[in-house]
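The first residue in the sequence is number 1, and the count goes up from there.
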Amino acid sequence: MAVLVTGGTGYIGSHTVVELLNEGKEVIIADNFSNSKTEVLDAIEKITGKRPRIYNIDCRSAESLEKIFEENHIDSVINFAGYKAVGESVKLPLKYYNNNLFEAVTLLEVMQKFNCKKFIFSSSATIYGDPGVPEYVEEMGRGKTSNPYGTTKAMIEQILEDLYFSDNSWNICILRYFNPIGAHESGMLGENPNGIPNNLMPYIMKVASGKLEKLNIFGNDYDTKDGTGMRDYLHVVDLAEGHVKALDKLDKEDSGLFIYNLGTGTPYSVLDIVTTFEKVNNIKIPYEIVPRRPGDLAIYYANCKKANEELGWVAKKGIEDMCRDSWNFEKNLQ
Ligand code: NAD
Ligand code: UDP
């Protein structure tokens, strides 16, 4: 019995595949390498001693997905495949609606056809919109999303709720990630976006390696401890372990629709990240304060009580680990 991991060579998917293999699970990956490289498979093999079977397919193709289900005994699916760049989604909304929505719906249809009903979905804190309080609790439900990427996440959550309502033999877990950063401690897996990064840690990485001159800090006049935006950063390996726990939970349940925040519950400011990065890696990060980025909130973080209690999951790594491991991976790319 195998776990199908779509998007399993991407940033979060690859770390999750490692944790699943370490737990002795059989893993099948489906990825079209639109945002990842085949070398990730070598890294997974070096770390775990196992090379998962990979299908180089577009997960919007029902025919290709059906082949995977015909050739393997798939018991559960973790769905990471999708596009994730917020700014690009504003410019190219149809690209995002097409890939993220068709991929999810096609996958669910194929699962239904093969009577495989255990499904874990990568959602995001962005679905809360702007609830007016910094601590996000699952019960708050979805707010108004601020970009097409976020809207695809909210729509897929709704699709999953509708699906479960129509047939409550489904066993679904929605995981709402906060801000994943960091890399595998081996330095062999991490995040390596194409082009100029949008997110904070990948951008800092390019400054640290001299590829970009300085970090632009988007505003220092927020109502936060130092005026810069605060987020709940969590280590990608902790996040990956959250998926293993979520799978354990679904294995124990006959059916259900479960929703969990995955974060640390502790927000850090942009300046906290910059100064910690400088300290643990002994590298100066030049920065300039520039105007706020449209759509950014001052501060938000996860209430993780539900994941702690029901999944037995807690993030163990701190921001020093996140900053050190991120740089350790980036250095290997030089
Ligand atoms: P990623 O881009 O590194 O990984 C996604 C993978 O999916 C890539 O390997 C890509 O090649 C593949 N892919 C995309 N479309 C595909 C398709 N149609 N068919 C087959 N493969 C396809 O992204 P990530 O950071 O690992 O994110 C994984 C998931 O988690 C995404 O759904 C993302 O939206 C979600 N998420 C990410 C973050 C974050 O900050 N990284 C936060 C919240 C949620
Ligand atoms: N940020 C910044 N400069 C950058 C990228 C991000 O100052 O080049 C800030 C951003 O305003 C926010 C935090 O860093 O306060 C995290 O942003 P990121 O894009 O990584 O994640 P988000 O929370 O927006 O999903």
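- A donor-acceptor contact closer than 3.5 angstrom is absent between the side chains of Y233 and D272.
- The CD atom of E161 sits 6.0 Å away from the CG atom of L257 when rounded to the nearest 0.5 Å.
- Here the side chains of T38 and F33 are in contact, with some heavy-atom distance below 4.5 Å.
- With a 4.5 Å cut-off on side-chain heavy atoms, N198 and V86 do not count as touching.
- With rounding to the nearest 0.5 Å, the separation of CG in N179 from CE in M322 is 10.0 Å.
- With 3.5 Å as the limit, one finds no donor-acceptor pair spanning the side chains of S169 and S255.
- No side-chain heavy atom of D325 sits less than 4.5 Å from a side-chain heavy atom of H184.
- Y149 and Y96 have perpendicular rings, their planes meeting at more than 60° on a 0 to 90° scale where under 30° would count as parallel.
- Cation-pi geometry between K249 and F258 is met: the NZ or CZ atom falls under 6.0 Å from the ring centre, inside 45° of the normal.
- Within 6.0 Å of the CD atom in E278, the count of heavy atoms belonging to other residues, nucleotides or ligands exceeds 12.
- Annotation for K305: atom NZ does not count as buried by contact number, only 12 or fewer foreign heavy atoms lying within 6.0 Å.
- Under a cut-off of 6.0 angstrom, the local environment of CG in N282 is sparse, with at most 12 non-hydrogen atoms contributed by other residues, nucleotides or ligands.
- A 4.5 Å side-chain heavy-atom check between E103 and T6 finds at least one atom pair inside the cut-off.
- Counting heavy atoms from C-beta on, the side chains of N220 and D226 never come closer than 4.5 Å.
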>> T106 vs S61, test: side chain to side chain contact (heavy atoms under 4.5 Å, CB included). Steps then yes/no.
In response: CA-CA 7 Å; T106 308; S61 160; over 6 Å; no
> Could you walk me through whether I174 and E138 pass the side chain to side chain contact (heavy atoms under 4.5 Å, CB included) check?
Replying inline: CA-CA 10 Å; I174 293 172; E138 290 87 346; over 6 Å; no
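- Note on ring orientation: taking the six-membered ring where Trp is involved, the planes of F277 and W327 are perpendicular (angle over 60°, cut-offs 30° and 60°).
- Between the side chains of E88 and Y83, no donor N or O sits under 3.5 Å from an acceptor N or O.
- With V5 as reference, V17 is the one residue of D31, N79, V17 to meet the side chain to side chain contact (heavy atoms under 4.5 Å, CB included) rule.
- Below 30°, between 30° and 60°, or above 60°: for H15 and Y11 the angle between ring planes is above 60°, a perpendicular geometry.
- With a 4.5 Å cut-off on side-chain heavy atoms, Y203 and L212 count as touching.
- Between the side chains of N98 and R60, at least one donor N or O sits under 3.5 Å from an acceptor N or O.
- Exactly one of L215, T228, I204 qualifies for a side chain to side chain contact (heavy atoms under 4.5 Å, CB included) with Y287. That residue is L215.
- Within 6.0 Å of the NZ atom in K46, the count of heavy atoms belonging to other residues, nucleotides or ligands does not exceed 12.
- For the pair R176 and Y136, the cation-pi criterion (under 6.0 Å, within 45° of the ring axis) is not fulfilled.
- The side-chain heavy atoms of I159 and F121, taken from C-beta on, include no pair separated by under 4.5 Å.
- The number of heavy atoms from other shown groups lying within 6.0 Å of NZ (K50) is above 12.
- Tested against T9 for a side chain to side chain contact (heavy atoms under 4.5 Å, CB included), the candidates S14, P52, S36 yield a single pass: S36.
- Residues N192 and K37 have side chains in contact (heavy-atom distance under 4.5 Å, counting atoms from C-beta outward).
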